[in-house]
Amino acid sequence: MTVRTRYAPSPTGDPHVGNIRSAVFAWAMARANGGQFLLRIEDTDRARLVPGSMDAIFESLRWLGIDWDEGPDVGGPHAPYVQSERLHLYQAAASELIAKGRAYRCFCTAERLDAMRASQTAAKRPPGYDGLCRGIDAAESESRAKSEPFVVRFRMKDEGQTVLRDLVRGEIVFENALQDDFVALKSDGFPTYHLAVVVDDHEMEITHAIRGDEWVSSAPKHLQIFEALGYEPTLFAHLPLIVGVDRKKLSKRSGDTALLDYAKKGYLPDAMLNFLTLLGWSLDDKTTIISRETLLKSFTVERVVPNPAAFDLDRLNFLNGQYIKQLTDEQWEAVVREWAERDLPGHILRPLDEDLVRQVAPLLRDRVGTLSEVAPQIEFLFGGAAPEYPKELLSERLGGEHMEALRVVDAALLALDAVSPELWVKERIEAAIRGMEEPLGMKLRKFASVLYVAAMGRAAGIPLFDSLEILGRERSLDRLRRARGLLE
RNA sequence: GGCGCGUUCGUCUAGUGGCCUAGGACGCCGCCCUUUCAAGGCGGAGAUCAGGGGUUCGACUCCCCUACGCGCUACCA
């Protein structure tokens with residue numbers, strides 16, 4: 001049996017990280033077993049449609065490098081892959097269920113249903129459909145259907161148990177008597193999720209339904225529809241939720257929830273994939289860095305843990321750093337260029353100076369957590385203007401002694417002016433600056449910050465000697481003179 | 001309220017009856033390295049395995065109860 005899994009999001013906005021994590025697992029499951037992975041859009045709720053969601057779904061998957069074999073954009077043997085284009089299938093299934101006595105038309109109005117629930121709640125009874133329309137006979141049902149709006153309700157069994165054999169959680173038993181008749185086909189002719197997922201998973205030959213934990217409680221509905229329609233049910237794997245570090249459902253409060261926000265913030269797709277992969281799944285007791293290849297080779301749902309996982313940004317940041325280190329020099333340089341082009345202020349001319357980018361890229365590698373940190377660190381190298389900074393910054397690490405800072409700047413001016421233009425290389429610059437220790441009676445460690453600030457406008461960043469070399473002799477001396485001007 | 005799921009260091013997790021005086025990783029702390037910031041190296045603190053009962057020669061691992069958290073309880077998915 002070929003494994004076929006799917007990711008079936010609703011186009012109701014930008015895909016959430018938790019949702020995408022389900023896609024990762026479903027995809028990995030298919031690939032690890034040499035099967036197929038498909039994308040299906042579940043747009044049966046017209047009220048919640050958000051324009052542009054489809055593109056956001058495509059973009060999210062592509063960014064992570066998740067590919068699909070069948071889907072709305074690439075087609076496939078079970079096209080269309082958008083539920084709103086498959087209504088006839090659900091309507092046919094609903095008719096079949098009615099004919100088999102496993103579903104019935106319900107003419108109850110929204111008002112009656114609301115009132116019913118209100119009184120049930122008031123009486124501290126569990127809310128649920130009271131079965132008023134269950135007994136309507138076929139003839140009456142047919143005739144009322146011609147003039148009254150109706151929904152099709154699935155008739156859940158009254159006795160016995162429905163057993164879900166979940167691949168992650170094991171056996172879960174539901175009492176049929178506690179299940180209530182749910183709407184399978186809405187009055188607008190659209191199916192609810194319950195009907196649509198069963199019809200499509202069967203029709204598309206899905207073998208494993210891999211989805212979020214929030215679906216566990218409706219699994220008996222799905223199981224009973226499969227049975228009523230005479231279909232072999234899919235296997236089920238319910239994935240643990242992803243929660244915030246506060247243990248609450250991941251929300252805006254706990255950080256960004258849309259996958260693409262992380263792309264914008266400067267995370268590498270491979271790092272994100274690694275992070276998501278290990279949220280609820282593990283390869284063994286040691287692996288924390290796992291390649292795409294390994295994941296796609298060794299994923300098994302048996303190793304999915306059942307408990308919710310917290311989205312820990314510290315871990316993501318760590319992984320991002322690891323993946324940055326893994327890039328080749330060429331790849332890293334391209335990333336630096338891309339983010340610098342993107343984030344550097346608009347007044348700096350594009351395209352950016354190739355040589356500067358090439359020289360500075362290696363120095364950035366160990367100093368960047370997310371890619372959005374690239375531009376602020378190298379801005380001082382680009383554009384004609386010297387960086388702006390408050391003069392207090394110059395002496396900040398000298399206990400605020402402006403005169404001391406001035407002595408340092410003067411000594412540096414003297415020492416660096418002595419380095420000839422043709423010898424303006426890191427080693428010579430370093431020697432000149434180290435030579436300042438004695439006359440100044442100060443350790444380099446002590447006075448370096450003055451020079452960092454003078455050169456780049458900040459006390460921390462890429463190494464000083466490299467900065468000055470890349471900056472060039474004239475610009476370096478000029479910035480020292482400006483610092484001197486501020487201190488006087 | 002009902003039903004369901006979950007509960008191992010702050011976090012992600014390993015662990016399927018003895019290998020566990022519970023392992024790894026992130027984070028945290030300290031030291032080293034060091035021109036800043038990082039990175040790196042080394043070391044450390046950190047979990048009586050939610051609590052309580054069983055079963056067993058033996059339980060983190062099996063069973064029951066309790067507590068807490070979460071999910072579902074729509075003509076939303």
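Just so you know, these numbers use all the heavy atoms, side chains as well, and skip hydrogens, waters and symmetry mates. Protein chains get the first letters and strands the later ones, always in sequence-line order, with residue 1 at the start of each.
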message: For a quick check of understanding: with a heavy-atom distance under 4.0 Å over all strands, which category does A:Val183 fall into, base, sugar-phosphate or nothing?
response: sugar-phosphate
query: What nucleic acid atoms does A:Ala310 come within less than 4.0 Å of, heavy atoms only: base, sugar-phosphate, or nothing?
result: sugar-phosphate
- prompt: Given the P atoms of B:C60 and B:G53, what is the spacing between them in whole Å?
  reply: 14 Å
query: Base, sugar-phosphate, or nothing: which does A:Gly280 touch, judged by heavy atoms less than 4.0 Å apart?
result: sugar-phosphate
- prompt: With rounding to whole Å, what would you report as the distance between B:C9 and B:G44 at their C1' atoms?
  reply: 14 Å
- prompt: What about A:Arg367, does its side chain sit under 3.5 Å from the base of B:C37 through a donor-acceptor pair?
  reply: yes
- prompt: Under the 3.5 angstrom rule, does the side chain of A:Arg303 hit a backbone N or O of A:Ser282 as a donor-acceptor pair?
  reply: yes
message: Over all strands shown, is A:Arg125 touching base, sugar-phosphate only, or nothing at heavy-atom distances under 4.0 angstrom?
response: nothing
message: For a quick test of reading the model: is some side-chain N or O of A:Lys186 closer than 4.0 Å to OP1 or OP2 of B:C76?
response: yes
- prompt: What is the nucleic acid contact for A:Ser187, judged by heavy atoms within less than 4.0 Å: base, sugar-phosphate only, or nothing?
  reply: base
query: What string of B, S and - do you get for nucleotides 40-52 of chain B, 5' to 3', when a contact is any protein heavy atom under 4.0 Å?
result: S------------
- prompt: Taking atom C1' in both B:C68 and B:G51, what distance in whole Å separates the two?
  reply: 10 Å
message: Applying a 4.0 Å non-hydrogen cut-off, can you work out what A:Leu464 is touching in the nucleic acid: base, sugar-phosphate, or nothing?
response: base
query: Which part of the nucleic acid, if any, lies within contact of A:Leu241, taking any heavy atom under 4.0 Å across all strands shown: a base, the sugar-phosphate backbone alone, or nothing?
result: sugar-phosphate
Side-chain donor/acceptor of A:Arg315 to base of B:A25, under 3.5 Å: yes
